[in-house]
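Only one structure is covered here, and it is reproduced in the block below.
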Number of protein chains: 2
Amino acid sequence: MTVLFSRKCEYALQGVLYLAQNRQRGNISAEEIATDLGISQDFISKTLQGLVKVGMIQSNRGKMGGFSLARDPESITLLEIVKIIDGNEAFENCVMGLPQCHSDSPCALHSKWQPLREAAQAMLSSTTVAQFEPSKTEVIFDR
Amino acid sequence: MTVLFSRKCEYALQGVLYLAQNRQRGNISAEEIATDLGISQDFISKTLQGLVKVGMIQSNRGKMGGFSLARDPESITLLEIVKIIDGNEAFENCVMGLPQCHSDSPCALHSKWQPLREAAQAMLSSTTVAQFEPSKTEVIFDR
DNA sequence: TTTAAAACGGACAGGATAATCCGAATAAGA
DNA sequence: TCTTATTCGGATTATCCTGTCCGTTTTAAA
């Protein structure tokens, strides 16, 4: 079991954060990301392709190609990444899995879970990938 | 995807809460639980059997048999149920799935996730199944 | 123009979890 | 004692998610 997100979503978060952290280096190949993060190249590649489709990141084929952020890092929240990959389930579904449970017909645990759900959503929506870029004054070494 | 727990764990929570809610009726059959909760009888049965093994609930075979709480409802926390079924992963693992992430070598998101993790654990450990028993003054109708 | 490096796309394999099936053991009540 | 209702246990099947494979397309550089 993962904690809260699917594996694919975990990789998407790791991958986009990696792109933010290495933004000044331009295109980053799936191979480099996969090697550095210790995950499957094919899988992270497919996952990032999904983010390319919705315009969050860019890709370039061919030699010297790779992935890079397509938008202002300030505008990309972690919540957006999660919702693209996993959808809204983690924030909408009942924590006990009861299909009838909603705010208008809450399960026995609903009121206790609600603040946690909201806190998680608030954290993810207030965190942008810009917060993971290296600071501008920091010296960056080439690989 | 489930929210935070495995299906099996969700069913365990639902099942034990059902036993608490119907405690004064004695043995409750897996068939009744499954029908009322709209889930698989075989699956909830196996799941509850696991809780019998660790002494949290009791079972009785044969006619008029079924399941019931084996301990004081005040002593059974939701966290205990979760840990029996799903273990500690949801409270220990990195929310982004990074295997190296621990409090001593935290990932970029660690400090932001930590309070949520702790809040969830606090909620689950402070909630006992006794809180789901029908109030003593409430009139209970037989089925 | 050739070569190498990269994303892309589709199909397929593997594994874990979820769910089902069925027979055996057990116990209550007629 | 017989029948019925129940848990128990093992085996099997189904499903979804994860991961792999491989050929195609694209592009930069030699």
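Letters A, B, ... are given to chains in the order of the sequence lines, protein chains preceding strands, and every chain is numbered from 1.
For B:Lys46, the side-chain atoms get nearest to C:dT20 when compared with the rest of D:dT7, C:dA28, C:dT20. Closest to the side chain of A:Lys63, out of C:dA6, C:dG9, C:dA4, is C:dA4. When the nucleotides C:dC8, C:dG9, D:dG9 are ranked by their closest atom to the side chain of A:Lys53, C:dG9 comes out on top. Set against C:dA6, D:dT6, C:dC8, the side chain of A:Phe67 has C:dC8 as its closest nucleotide.
A:Asn27 comes within 4.0 angstrom of no nucleic acid atom, judged by non-hydrogen atoms across all strands. Looking at heavy-atom distances under 4.0 Å, A:Gly65 makes contact with sugar-phosphate atoms alone, never a base.
Atoms CD1 (B:Ile28) and P (D:dA5) sit 17 Å apart, rounded to a whole Å. A:Ile33 has its CD1 atom 12 Å from the C1' atom of C:dA6, to the nearest Å. Per the geometry, CD belonging to A:Gln49 stands 11 Å off C1' belonging to C:dA6, to the nearest Å. If you take CD of A:Gln58 and P of C:dC8, they are 11 Å apart, rounded to a whole angstrom. Rounded to whole Å, atom C1' of D:dT7 lies 11 Å from atom CD1 of B:Ile57. If you measure from atom CZ of A:Arg61 to atom C1' of D:dA29, you get 19 Å, rounded to the nearest angstrom. One interatomic measurement links the two molecules: CG of B:Leu48 to P of D:dG9, which rounds to 14 Å at whole-angstrom precision.
Among B:Ile85, B:Thr47, B:Val82, B:Leu124, the one residue that satisfies the side-chain contact (heavy atoms from CB on, under 4.5 Å) test with B:Leu13 is B:Val82.
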- request: Please step through side-chain hydrogen bond (donor to acceptor under 3.5 Å, both in side chains) for the pair A:Gln114 and A:Glu118, ending with a clear verdict.
  value: CA-CA 6 Å; A:Gln114 183 64 15; A:Glu118 282 170 5; 2.7 Å; yes
message: Between B:Ser68 and B:Gln58, is the side-chain hydrogen bond (donor to acceptor under 3.5 Å, both in side chains) condition met? List the steps.
response: CA-CA 5 Å; B:Ser68 61; B:Gln58 291 176 325; 3.2 Å; yes
message: Using the rule given for side-chain hydrogen bond (donor to acceptor under 3.5 Å, both in side chains), can you reason through A:Ser45 versus A:Gln49, listing the C-alpha separation, both sets of side-chain angles and the distance that settles it, and then say yes or no?
response: CA-CA 6 Å; A:Ser45 192; A:Gln49 281 164 34; 3.3 Å; yes
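Without hydrogens or angle criteria, B:Asp86 side chain to B:Cys9 main chain gives no donor-acceptor distance under 3.5 Å. Counting only distance, with no hydrogens or angles, the side chain of B:Thr127 and the backbone of B:Met123 share a donor-acceptor pair below 3.5 Å. With hydrogens and angles disregarded, no donor-acceptor distance shorter than 3.5 Å links the side chain of A:Arg23 to the backbone of A:Tyr18.
Between B:Glu89 and B:Lys83, none of the side-chain N atoms (NZ, or NE/NH1/NH2) sits under 4.0 Å from a carboxylate O, so this pair counts as no salt bridge. Salt-bridge annotation for A:Glu10 and A:Arg7: present, with a side-chain N of the basic residue lying under 4.0 Å from a carboxylate O of the acidic one.
Residue A:Ser29 has no polar side-chain atom (N or O) positioned under 4.0 Å from OP1 or OP2 of C:dA5.
Residues from residues 38-45 of chain B with heavy atoms under 4.0 angstrom of DNA chain C, sorted by number: B:Ser40, B:Asp42, B:Phe43. Contacts of residues 2-11 of chain B with DNA chain C (heavy atom under 4.0 Å): B:Ser6, B:Arg7, B:Lys8, B:Tyr11.
Within 6.0 Å of the CE atom in B:Met1, the count of heavy atoms belonging to other residues, nucleotides or ligands exceeds 12.
Annotation: of the two residues near DNA chain C, A:Asn60 and A:Met1, the 5′-most nearest-nucleotide partner is A:Asn60.
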